[in-house]
There are 2 protein chains.
Amino acid sequence: MKQYEHPPAEAFQLTAILHALSDPYRLSIVQKLSVLQPQPCAPLQGDRPKSSVSHHFSVLRKAGLVRTLVVGVTHMNSLRDAELEARFPGLLKTILEAAARSEGLPAQV
Amino acid sequence: MKQYEHPPAEAFQLTAILHALSDPYRLSIVQKLSVLQPQPCAPLQGDRPKSSVSHHFSVLRKAGLVRTLVVGVTHMNSLRDAELEARFPGLLKTILEAAARSEGLPAQV
DNA sequence: TGAATAGTTCGACAATAATCGAACTATTAT
DNA sequence: ATAATAGTTCGATTATTGTCGAACTATTCA
């Protein structure tokens with residue numbers, strides 16, 4: 001049951017977090033996790049091949065957004081929301097609110 | 001006195017904003033502007049060549065973060081903070097606070 | 001043990017983005 | 001008109017990211 005490395009909260013880098021969330025697919029993963037967590041990778045996969053999904057989760061983990069717990073054969077992902085809140089208060093919540101706002105609008109012309 | 005194109009606030013894309021701010025140099029420009037605006041490009045230039053600076057300002061403009069007003073020979077930049085606040089409440093402020101927090105810490109090991 | 005499941009790692013390729021010199025544009029000052 | 005100033009645009013180069021198939025690992029189940 002080998003587990004992942006996760007950076008400690010003190011090592012979170014704002015620019016890495018912003019970069020991680022600047023990808024629409026990764027942002028959508030974080031949005032879905034914010035509603036239901038923890039959750040394995042599979043339901044968040046969309047139509048992408050597993051190797052891409054794995055790559056994006058790795059980016060999210062390295063930025064400190066997601067913690068992945070290996071439980072048997074599935075990898076359970078959750079947001080590190082408490083740690084993020086302690087390190088960068090309001091950041092995740094505000095970005096998630098903004099993400100919710102930018103949906104359901106007429107396609108960007 | 002030709003002026004720039006700036007996207008309307010309704011067209012702001014969260015992911016473009018996050019991407020723009022995920023670059024440390026651009027983030028530092030936005031930080032400096034938040035303290036003193038409007039401001040020409042030159043004082044924000046650092047040690048970079050003009051063409052790079054120009055590129056980064058273009059990214060910031062296209063994301064909707066910065067408005068550039070051509071005044072005579074200088075280009076005065078300011079944050080589009082009111083419009084950003086209307087479109088994505090709290091976003092810019094929270095990111096700037098996070099940026100302030102992530103400074104003055106021991107180098108990331 | 002063997003097969004199924006869930007996801008990772010590797011490696012190659014494509015796409016996007018950053019960097020920077022050189023030439024250019026617009027405005028102001030002489 | 002000429003020159004100086006402030007910044008842009010172009011084009012080439014490099015660096016960083018994203019994508020995806022194929023092979024691999026770890027765990028569970030039969």
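By convention in this document, chain letters (A, B, ...) are assigned in the order of the sequence lines, proteins followed by strands, and residues within each chain are numbered from 1.
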Whole-Å gap separating C1' (D:dA15) and NE2 (A:H19) = 13 Å
Between CG on residue B:L92 and CG on residue B:L84, distance to nearest 0.5 Å | 6.0 Å
Spacing between B:M76 atom CE and D:dG7 atom P, to the nearest angstrom | 9 Å
Contacts under 3.5 Å, N or O only, protein and nucleotides 1-5 of chain D:
none

Any pair with a residue in residues 32-53 of chain B that passes ring pair (Phe, Tyr, Trp, His ring centres under 6.0 Å), sequence neighbours left out, goes on the list, sorted by first then second residue, please.
-> none
Which pairs with one or both residues in residues 32-41 of chain B pass side-chain hydrogen bond (donor to acceptor under 3.5 Å, both in side chains), sequence neighbours excluded?
-> B:Q37-B:D81
Any chance you could measure B:I17, atom CD1, to A:S22, atom OG, to the nearest 0.5 Å?
-> 12.0 Å
Nucleotide D:dA6, atom C1' - distance to CG of B:N77 in whole Å | 12 Å
Same cluster or not: are B:L79 and B:Y4 linked, directly or through other Ile, Leu, Val, Met, Phe, Trp or Tyr residues, by side-chain heavy atoms under 4.5 angstrom apart?
-> no
Show which side-chain atoms of residues 47-60 of chain B pair as donor or acceptor with protein atoms under 3.5 Å away, not counting sequence neighbours.
from	atom 1	to	atom 2	distance (Å)
B:H56	ND1	B:R26	NH1	3.1
B:S58	OG	B:K62	NZ	3.4

For the atom pair CG (A:L91) and CG (A:L21), what is the distance rounded to the nearest 0.5 Å?
-> 7.5 Å
Hey, are the side chains of A:V66 and A:R80 touching, using non-hydrogen atoms and a 4.5 Å cut-off?
-> no
Take atom NZ of B:K62 and atom P of C:dT16, then tell me their distance rounded to the nearest Å.
-> 14 Å
Shared ILVMFWY cluster between B:V73 and B:V70, side chains joined below 4.5 angstrom?
-> no
Selection: residues 40-59 of chain B, any non-hydrogen atom under 4.0 Å of DNA chain C = B:R48, B:P49, B:S51, B:S52, B:H55, B:H56
Decide yes or no for B:L14 and A:S102: does some side-chain heavy atom of the first lie under 4.5 Å from some side-chain heavy atom of the second?
-> yes
Return no unless some side-chain N or O of B:R61 is found under 4.0 Å from OP1 or OP2 of D:dG7.
-> no
Under 3.5 Å side-chain donor-acceptor pair for B:R67 and B:S78 | no
Contacts to DNA chain D from residues 20-29 of chain B, heavy-atom cutoff under 4.0 Å, which residues?
-> none
Over how many whole Å does the gap from A:Q39 atom CD to C:dA6 atom P extend?
-> 14 Å
Separation of C:dT8 atom C1' from A:H75 atom NE2, nearest Å, is 8 Å
